[in-house]
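Ligands are counted one by one from 1 in listed order, and the atoms in each one are counted from 1 as well. Sequence positions, counted from 1, serve as the residue numbers for this chain. The shown structure was predicted, so the numbers you read here are calculated from the model rather than taken from an experiment.
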Amino acid sequence: MSRKICFVASEVTPLAKTGGLADVAGALGRYLHDRGHDVRLFMPHYSTIDLRGQTPVAVPGIQQVVAHLGSRQVEFSLLSTTLPGSGVPVYLVDCPQFFARDSLYSNAADEHQRFFLFQIAVVESCQRMRFQPDVIHCNDWHASLLPLLLRTRYAWDALFARTRTLLTIHNIGYQGVFPASTATELGLDATPGLLDAGELSRSSINWLRQGILLADGVSTVSPTYAKEICTPEGGYGLDDTLRARALPALGILNGVDYDDWNPEIDRLLPHHYSADQPGGKGKLKAELQQRFGLQRESDVPLAGIVSRLTAQKGFDLLFDTLPGILDSRPLQVAILGSGEPRYVSFFTSLVRRYPGRVAFHTGYHEELAHLIEAGSDMFIMPSLYEPCGLNQMYSLKYGTVPVVRRTGGLADSVQMWDPQSGQGTGIVFNDFDGPAMQWALSTALDLYGDRKTWSRIMRNGMTQDFSWKIQGREYEHLYERLIEPG
Ligand code: ADP
Ligand code: GLC
C-alpha cells in the first residue's frame, strides 16, 4: 500500500555527505519512491550542498516563515528539488544564518538552534503543504526531537493525528547533548511532564534520549547493533532507556545502492569488471598505485582504508601491529580519510617510514573512495563498534576481501572464511586488541598467497546481495506495523 513518508535526515547522498547516513537516506529514499510511496526527503540547505547543476525552486507559501526558538525568532524558507537522477522530492530548509557554514556539523554555540530550527521547519512545512505523513522517519539526533514536538507544540494539529514516528539510530555515539538551559531557551519544557522527568534534573538535555522515549518506533541499522546498544558497553548511557521501552530496538541491516557501488558500471572508474570477468580489477590496482604514488607491483597485496578517522573505527589497533607487518611481509596500504589528529599523524608517519608502500590521502574524495574499493585486494575495518558500516559491503561487491572485527553490522555482513566448506567472505576477528588484529592481518596475507583460495573468497563476496530491494522491504513492513499495529 502506498504511504506518505516524511523522511528527515541531516545529510543525503549525493547532495551532502560526511558518512553512511547520507548513503542510506539517498538510497532508501529512492527505493521507497520507486515502490510508489509518496516519500519526501527533508534536509538543511547547506551552502556546501552539491545539487549537481540543478537549481532548487522556492516553495510558494513557505517563504520567510518565522519560527519561534523560545523567545528568539528565526526565518526560514523552503526550497524544493529532486534527488539527482531520480524523481524523489527533496525539500531543503533554507536558513543562511544557520546553514551557510563551512561544514555540516560544528561545535558552535548555536548547534542546538540549527537543528531545532530544522525540525520546526519540517513540521511547519508539512502543515503549509497540507502534507499528512503516515510516518515521519527521523534519523539520528538531528531529527529526534520531532516526536516530542508532535506531542507538545503541534499536538493541536489534527493533520498529524494519525502520523506515526520512527526513530532510526545510525550511531548511538552521537546523541545531541546540550546544557539543560537550552530546553527552556528553545521552549521545550513548556508542556510539563512530557520532557523525560529525569532529564531536566540532569545538567544536560539529550535529544536522542527524547527520541527513544517518545517515538512510536525505534530501529537501528543492523540486528547485532540492536542487541549491542541495549547493553551497558554498547549503549553509551542509553541502554537503560532503550530497555525501558517496551518495544526493543529493531535492527534492519542497511542496503547498498548498486547503481552507485558496482564494479560493472561504476561511473567513477576508468575500467570495469565482474566476478566472471575480473580482468579490470588488475588495471584498477595499477591505476590506484599510480594515483597514490605506490610502487607498481601487481603481486604485492594492497590493503585499502576509506574512513572517518575517529576512535569508533578502531585504527588504534594498527598502531602496534601494522609497522611490524610492513617490516616483515610484502604489503602496500592506501588510506583515504580525515579526522582526529592522532590517526592523521600515525598514517603520515607510516608514509614517511614506508615510502612507495604506504600512501595516505587526507580529506574527502568520492572518486578516490571508489578507486580504493576497486583497486585494493583487501579492505581493513577494525571498528571498535560499527552500527552497520557500508564500506565492507561495498568491498564485498568489488572483490576486495574485508578484514573486519566482529561487531555490529560487520558481524552481520561478513562471514569468516571456512576452508572446510569453502564458504565465507572475509577475515573476521573477535577481540579488540593487538594480537587479534595481528592475527587477522597475517591470516589475510597468508590466504592472499594461496591464489585459488583467495579467488574463491573474492567470488563468495562478489555474489552476495545486500541491495535495498531486500532491506527496503523491511522498512516497509516496519512502517505498516507502526501505522496498523496488531
Ligand atoms: P560511517 O557512516 O560511520 O562513516 P559507513 O561505512 O556507514 O561509516 O559509511 C561511510 C561512507 O562514507 C562510505 O560511503 C565511505 O565511502 C564514505 N567515506 C568515508 N570517508 C571518506 C572519504 N575520506 N572520502 C570519500 N568517502 C568517504
Ligand atoms: C553511522 C554508522 C555506520 C552506518 C551509518 C549508516 O554513521 O557509524 O556504521 O553504516 O551510520 O547507517
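Side chains of Phe466 and Asn254 form no contact here, defined as non-hydrogen atoms less than 4.5 Å apart.
Using a 4.0 Å cut-off between charged side-chain N and carboxylate O, Arg405 and Glu386 make no salt bridge. Here Arg101 pairs with Asp110 in a salt bridge; the nearest charged N to carboxylate O distance falls below 4.0 Å. Comment: Glu340 does not engage Arg308 in a salt bridge, judged by the lack of any side-chain N to carboxylate O separation of less than 4.0 angstrom. Asp50 has no carboxylate O lying under 4.0 Å from a charged side-chain N of Lys17, or vice versa, which leaves the two without a salt bridge.
Ligand 2 is surrounded by Gly20, Leu21, Val24, His170, Asn171, Val221, Asn254, Arg308, Gln312, Glu386, Pro387, Cys388, Gly389, each with at least one heavy atom closer than 4.0 Å.
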For ligand 1, list all ligand N or O to protein N or O distances below 3.5 Å, rounded to 0.1 Å.
{"residue": "ligand 1", "atom": "2 (O)", "partner": "Gly20", "partner atom": "N", "Å": "2.6"}
{"residue": "ligand 1", "atom": "3 (O)", "partner": "Arg308", "partner atom": "NH2", "Å": "2.7"}
{"residue": "ligand 1", "atom": "3 (O)", "partner": "Lys313", "partner atom": "NZ", "Å": "2.8"}
{"residue": "ligand 1", "atom": "4 (O)", "partner": "Arg308", "partner atom": "NE", "Å": "2.7"}
{"residue": "ligand 1", "atom": "6 (O)", "partner": "Leu390", "partner atom": "N", "Å": "2.9"}
{"residue": "ligand 1", "atom": "7 (O)", "partner": "Leu390", "partner atom": "N", "Å": "3.4"}
{"residue": "ligand 1", "atom": "8 (O)", "partner": "Lys313", "partner atom": "NZ", "Å": "3.2"}
{"residue": "ligand 1", "atom": "9 (O)", "partner": "Gly20", "partner atom": "N", "Å": "3.2"}
{"residue": "ligand 1", "atom": "14 (O)", "partner": "Lys17", "partner atom": "NZ", "Å": "2.8"}
{"residue": "ligand 1", "atom": "14 (O)", "partner": "Asp23", "partner atom": "OD2", "Å": "2.8"}
{"residue": "ligand 1", "atom": "16 (O)", "partner": "Asn391", "partner atom": "OD1", "Å": "3.2"}
{"residue": "ligand 1", "atom": "23 (N)", "partner": "Gly363", "partner atom": "O", "Å": "2.8"}
{"residue": "ligand 1", "atom": "24 (N)", "partner": "His365", "partner atom": "N", "Å": "3.0"}

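Tyr475 and His137 have their aromatic ring centers within a separation under 6.0 angstrom. Residues His45 and Phe99 place their aromatic rings such that the two centres sit no closer than 6.0 Å.
Remark: the backbone N or O of Pro89 is not paired with any side-chain donor or acceptor of Arg40 at under 3.5 angstrom.
Glu111 and Ser106 are linked by a side-chain donor-acceptor pair at a separation below 3.5 angstrom, with hydrogens and angles left out of the test.
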